[in-house]
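A quick write-up on the structure given underneath.
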Amino acid sequence: MTLEEFSAGEQKTERMDKVGDALEEVLSKALSQRTITVGVYEAAKLLNVDPDNVVLCLLAADEDDDRDVALQIHFTLIQAFCCENDINILRVSNPGRLAELLLLETDASPAASEGAEQPPDLHCVLVTNMSKHVGGCQQRKRSLIHIHRSGRILP
């Protein structure tokens, strides 16, 4: 490994950390404002009814999910719909971390302590319009959109 390759790797890691921090903040604000839709089918329903209100689509899959043909078909259809409706898409390769971010708030609720029949489907997460007064969060969202357009994938 040359010094240039090492430096480029450090810059990429640093940038991915910033993306992760921005995504964490956006998800935290969206959770508190209840502007998150979780699940492939729930996301498809929302996209069909109100696509203009969706600002971010997260598609989460690990290596095992890459072999799930049905899930990949759903992803392809959701991505096509999002592109057609100018909805920003981020691919997340660590669904476990996404689950941690999304389930922190729900673990404290009484219903969560009783136990759910099935874990939530975190393969697709939609963030809908958040209130305009959340200035810092809006800036983070713009950063995520910029990174999305540059073709980055979250670790």
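Side chains are part of it too, since the values below use all heavy atoms of this structure and drop only hydrogens, waters and symmetry mates. Quantities reported herein were computed from a predicted structural model and do not represent experimental measurements.
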Open item on the list: Just to verify, what does Glu24 make a salt bridge (charged side-chain N to carboxylate O under 4.0 Å, His left out) with, not counting sequence neighbours?
Closed with: Arg97
Task: Leu126 CG to Glu42 CD distance, which is reported to the nearest 0.5 Å - done: 10.0 Å
Task: Min side-chain heavy-atom separation Cys57-Asn88 under 4.5 Å - done: no
- [ ] Measure the shortest side-chain to side-chain distance between Cys124 and Leu58 over non-hydrogen atoms and say whether it is less than 4.5 angstrom.
- [x] no
Task: Side-chain touch Val40/Ile78, heavy atoms, less than 4.5 angstrom - done: yes
Open item on the list: Any heavy-atom pair between the side chains of Leu122 and Val38 that's under 4.5 Å?
Closed with: yes
Open item on the list: Contact between Leu27 and Val127 at the side-chain level, heavy atoms closer than 4.5 Å - yes or no?
Closed with: yes
Open item on the list: What verdict does the side-chain contact (heavy atoms from CB on, under 4.5 Å) test give for Thr37 and Val125, after you've listed the backbone C-alpha separation in whole Å, the side-chain angles of each residue and the deciding distance to 0.1 Å?
Closed with: CA-CA 6 Å; Thr37 300; Val125 177; over 6 Å; no
Task: Check: Ser93 side chain, Asp62 main-chain N or O, donor-acceptor pair, under 3.5 Å - done: no
Side-chain donor/acceptor pairs under 3.5 Å, residues 66-77, sequence neighbours excluded:
{"from": "Arg67", "atom 1": "NH2", "to": "Asp64", "atom 2": "OD1", "distance (Å)": "2.7"}
{"from": "Asp68", "atom 1": "OD1", "to": "Ala70", "atom 2": "N", "distance (Å)": "3.2"}
{"from": "Asp68", "atom 1": "OD1", "to": "Leu71", "atom 2": "N", "distance (Å)": "3.2"}
{"from": "Gln72", "atom 1": "NE2", "to": "Asp65", "atom 2": "O", "distance (Å)": "3.1"}
{"from": "Thr76", "atom 1": "OG1", "to": "Gln72", "atom 2": "O", "distance (Å)": "2.9"}

Would you tabulate the side-chain donor-acceptor contacts of residues 43-55 under 3.5 Å, counting partners in other chains and residues two or more places apart, or write 'none'?
{"from": "Asn53", "atom 1": "OD1", "to": "Asn129", "atom 2": "ND2", "distance (Å)": "2.9"}

TODO: Measure the CG-OH distance between Asp121 and Tyr41 for me, rounded to the nearest 0.5 Å.
DONE: 8.5 Å
Open item on the list: As an exercise, state the distance from CG of Leu98 to CG of Asn94, rounded to the nearest 0.5 Å.
Closed with: 8.5 Å
Task: Leu59 vs Gln79 side-chain heavy atoms within contact, under 4.5 Å - done: yes
